[in-house]
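Worksheet for the structure shown next.
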Amino acid sequence: MTSINEHIRKDQIEIETAKAVGNEAKVRHLEEELKSLEEYKSHHPEDDHDPNSLEVYCDLNPEAPECRVYDD
């Protein structure tokens with residue numbers, strides 16, 4: 001993906017497809033991913049890039065050890 005908006009649209013389409021075939025596990029996974037992407041987008045309205053999973057995780061969990069940034 002080149003933008004977060006494209007990723008959100010792709011997830012929305014995949015959710016509808018998974019619902020149509022009855023794949024509830026995939027629906028739950030994609031709905032959670034979609035929720036996280038939308039929250040990331042609301043925190044960074046000026047940023048259009050498609051964030052990776054670590055960027056999204058750290059945006060939602062800045063206190064997590066793997067998200068800490070140390071200055072030397």
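Note that these values count all heavy atoms, side chains included, but never hydrogens, waters or copies made by symmetry.
Distance check, rounded to the nearest 0.5 Å: NZ of K41 to CG of D48 gives 7.5 Å. The CD atom of E6 sits 12.0 Å away from the CG atom of D11 when rounded to the nearest 0.5 Å.
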Throw together a table of side-chain donor-acceptor distances under 3.5 angstrom for residues 52-60, partners on residues two or more places apart or in other chains.
| unit_1 | atom_1 | unit_2 | atom_2 | d |
| --- | --- | --- | --- | --- |
| N52 | OD1 | L54 | N | 3.0 |
| N52 | OD1 | E55 | N | 2.8 |
| E55 | OE1 | H49 | NE2 | 3.3 |
| E55 | OE1 | N52 | N | 2.8 |
| E55 | OE2 | H49 | NE2 | 3.1 |
| D59 | OD1 | H44 | NE2 | 2.8 |
| D59 | OD2 | H43 | ND1 | 2.7 |

For residues 17-35, run the donor-acceptor check on the side chains, cut-off 3.5 Å, and write out each pair with its distance to 0.1 Å, sequence neighbours left out.
| unit_1 | atom_1 | unit_2 | atom_2 | d |
| --- | --- | --- | --- | --- |
| T17 | OG1 | I13 | O | 3.0 |
| N23 | OD1 | K26 | N | 3.1 |
| E33 | OE2 | H7 | NE2 | 2.8 |

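Taking each heavy atom of P62 and C67 in turn, the nearest pair found is O-CB, 4.0 Å.
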